[in-house]
Structure formats: C-alpha cells, structure tokens
Colleague: 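Before anything else, here's the structure in question.
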Number of protein chains: 2
Amino acid sequence: MKTEQLFSISELAAMFDISSRTIRYYEEVGLLSSESRESLTKQRTYTNHERRRLKLILRGKKLGFSLQEIKEMIDLYESNPEGEDEKNRIISFADQKIDEIEEQILQLQLLKADILAHKKKYLDSKD
Amino acid sequence: MKTEQLFSISELAAMFDISSRTIRYYEEVGLLSSESRESLTKQRTYTNHERRRLKLILRGKKLGFSLQEIKEMIDLYESNPEGEDEKNRIISFADQKIDEIEEQILQLQLLKADILAHKKKYLDSKD
DNA sequence: AATTAAGTAAACGTTAACGTCAACTAGGGG
DNA sequence: CCCCTAGTTGACGTTAACGTTTACTTAATT
C-alpha cells in the first residue's frame, strides 16, 4: 500500500512562499480543495496532488492570468468529459488557449527585441 | 515644416477600443501626457507620439504587467541618462527585464506543452 | 492536565485599475 | 446668440485578490 505524505496548511504555504490565507482563499473560490479533511471545522491537510495543483496555480499567476482563467485551465486538466460534444468543447477550448499563449509568446519576443534595441542605444552612447 | 496630426481623446479611445476615462487615468498616474494642451482646463489633444506610447501601454497590459511596471519600461525607452552611472543603472535594469521576459516565455512554452498533452489525451479517447 | 502553538471562520480593510455620475465648460453649426 | 455635443474635474462606487484582526477551537508540548 501507498502512504501519501500529508502537509499542513502552513507547511504548504512555506513551500511556495505564500500565506495560509492565500491557500484558504483559493479553496474559497474553488481553485483548491483539501478533501482529506475529516470535518469542516478540523484542520486542513493536503496531499501531493494538491501540492502539484497549487504549483500550477502559482505558475498561472506569474504569467498574469486571473484566478478565473487559471481555474478554467486546470479544470481542463482534470475534467472527465462524457459525450463527444463535451470532448469537442474541451478540445476547442484547448485550441483557443494555445492560440492565446502563442500570441503572448510572440508579443513577449517583440517586447524583448524592443528592450534590447534600447539597451544597445545606451551601450553605443557610452564613451 | 512638419504638420503633426492631432487626435481628440475619444478618437484615441476609439482607435484602441478603450474608454476616455482610461486615457485620463493613465495621464493621472503619469503614464501618458497630453503636452499639446493649451491650458489645464482646455481639451486634451494627442500626437502620434502619444498614440505610440499608448500602444505600448496596452501591449504591456495584455502581457499581464502592472501599470507601474509598464511605466518603468517605457520610461526606459525615453530616458536620457546623463552620467555613466545612470547609463549603467538603465542597462542593468534592461538586462533584468530581459531575464524576466525570457523566463516568462519559457513558462508559457511549458504551459502550452501541458495543454497540448491534455488535448492529446482527450483526442485519443475519442472513438 | 495545563500551557502554548497552530488552525478556523467571519468580517472588515486595502490596493490597482478603472466605471459611473454630477456639475460645469468649450467649441462648432445654424 | 442659442443649442448640442464632446470634454473637464472631482468624487464616490466596484471588482479581484488577498491582508488583518477577532474570537474561538484543535493539536502539540511540557
């Protein structure tokens, strides 16, 4: 049998350098869960599954996505579509997100080029 | 002589599909100016210079940067450093931003790969 | 068992980035 | 000159994403 390691809320918070409040907030808005909790008033415990999920959330945040967008993307990861329609809906959502991401990458490359150009300008003006 | 075209605030707003209020707010926080205004109570007019600047602001927003970060980056474009120290400070700021951008691009590529993998999973489960 | 540390829910506070509304002004057409 | 449209400055309202505080409970330590 497999004994999954459990984390407390402050352990998880320390791992990612965020506050406990932030984790509770993510649960409040349905981004995270702590299923392995005995009762509603008892303390939360987290498994590796939730740790990975939190990591995904924070990556999304660093990239500038809203919690709502992040929720949609992660739900995509863990959704279990029933009919063909549902699958098609998910696949086209994925395609749409991929397009957005590619556009973002493109814009970031343009921004990088801009900054490089200006940096060069200041470098050339030295001496 | 060169006659620069002038735009009203609502013309500029329409161009970029934003509100006039947004433009005034950008001026309020020092991101934008309307120098070609006669007096403080008269109407604002914008030149191509400010139009380009606004375009940069909106690109930054789409990329998830805060207005404060955007301000710092654009100020970099238009700053006119005096001493060597000032130039070096600007250049190292540029380097730092470039690092951040490269990291963002990397993370976006990972996110894209993730989504592609999950899309494939759903595709394979079809039929 | 008693103290201390850590966690909980609830509620109010905060900041960025605007939206909205009110009261006033400037400028052009007829 | 009058009217109408577009613009102006406050000032207060709004939403997301938490921070902070309070009063209380659960878990750990001695």
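Below, chain A is the first sequence line, B the second, and so on; all start at residue 1. These numbers were taken from a predicted model, which means no experiment stands behind them.
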Colleague: Can you work out whether A:Tyr26 or A:Gln43 has the more 5'-proximal nearest nucleotide on DNA chain D?
Modeller: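 This one resolves to A:Tyr26.
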Colleague: For the pair A:Arg21 and A:Glu28, find out whether any cationic side-chain nitrogen is under 4.0 Å from an anionic carboxylate oxygen.
Modeller: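 Looking at A:Arg21 and A:Glu28, the cut-off is met.
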Colleague: For B:Tyr122 and A:Ser79, does a side-chain donor sit closer than 3.5 Å to a side-chain acceptor?
Modeller: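 Their side chains do contain a donor-acceptor pair, which is all the 3.5 Å distance test asks for.
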Colleague: Is there a side-chain contact between B:Lys61 and the phosphate of C:dC18, meaning an N or O under 4.0 Å from OP1 or OP2?
Modeller: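 Checking B:Lys61 against C:dC18: at least one side-chain N or O falls below 4.0 Å of OP1 or OP2.
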Colleague: Determine the contact category for A:Ser19: base if any of its heavy atoms lies under 4.0 Å from a base atom, sugar-phosphate if only primed atoms, P, OP1 or OP2 are that close, otherwise nothing.
Modeller: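 Answer is sugar-phosphate: A:Ser19 comes under 4.0 Å of backbone atoms only.
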Colleague: In whole Å, what is the span from the NZ atom of A:Lys42 to the C1' atom of D:dT26?
Modeller: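 So the two atoms are 8 Å apart, to the nearest Å.
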Colleague: Given atom CZ of A:Arg21 and atom C1' of C:dA6, what is their separation to the nearest angstrom?
Modeller: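 A:Arg21 atom CZ is separated from C:dA6 atom C1' by 17 Å.
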Colleague: Look at A:Ser8 and C:dA6 and indicate whether a side-chain polar atom (N or O) is within less than 4.0 Å of OP1 or OP2.
Modeller: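 A:Ser8 to C:dA6 OP1/OP2: no side-chain N or O under 4.0 Å.
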Colleague: Counting only side-chain N and O atoms of B:Arg44, is one of them less than 4.0 Å from OP1 or OP2 of D:dT8?
Modeller: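 Affirmative; the distance criterion is met.
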Colleague: Rounded to whole Å, how long is the line connecting atom CD1 of B:Ile57 with atom C1' of C:dA16?
Modeller: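 Going from B:Ile57 (CD1) to C:dA16 (C1'), I get 15 Å.
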Colleague: Looking at A:Lys120 and A:Asp124, does any basic side-chain N land under 4.0 Å from a carboxylate oxygen?
Modeller: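 Salt bridge: yes.
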Colleague: Would you say A:Ser10 reaches C:dG7's phosphate, i.e. side-chain N/O to OP1/OP2 under 4.0 Å?
Modeller: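 For C:dG7, OP1 or OP2 has a side-chain N or O of A:Ser10 closer than 4.0 Å.
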Colleague: Which whole-number value in Å describes the distance from A:Arg37 CZ to D:dT25 P?
Modeller: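 Taking CZ of A:Arg37 and P of D:dT25, I get 16 Å after rounding.
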Colleague: Measure CD/A:Glu27 against C1'/C:dA9 and give the value in whole Å, please.
Modeller: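 After rounding, the reported distance stands at 12 Å.
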Colleague: Are B:Ile105 and A:Leu106 linked, directly or through intermediate hydrophobic residues, by side-chain heavy-atom contacts shorter than 4.5 Å (ILVMFWY only)?
Modeller: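 No, A:Leu106 does not connect to B:Ile105 through the hydrophobic network.
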Colleague: If I take atom OH in residue B:Tyr25 and atom C1' in nucleotide C:dA16, what distance separates them, rounded to the nearest angstrom?
Modeller: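 After rounding, the reported distance stands at 6 Å.
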Colleague: Take atom CZ of A:Arg24 and atom C1' of C:dA11, then tell me their distance rounded to the nearest Å.
Modeller: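 Answer to the nearest Å: 14 Å.
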Colleague: Thinking salt bridges, do B:Arg53 and B:Glu50 make one under a 4.0 Å N-O criterion?
Modeller: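 Here B:Arg53 does not pair with B:Glu50 in a salt bridge, since their nearest N and O are not under 4.0 Å apart.
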Colleague: Describe the nucleic acid contact of A:Ser20 in one word from base, sugar-phosphate, nothing, applying a heavy-atom distance below 4.0 Å.
Modeller: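 Since no nucleic acid heavy atom lies under 4.0 Å of A:Ser20, the category is nothing.
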Colleague: Can you tell me how far P of D:dC18 sits from CG of A:Asp17, to the nearest Å?
Modeller: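 Value for this atom pair: 13 Å.
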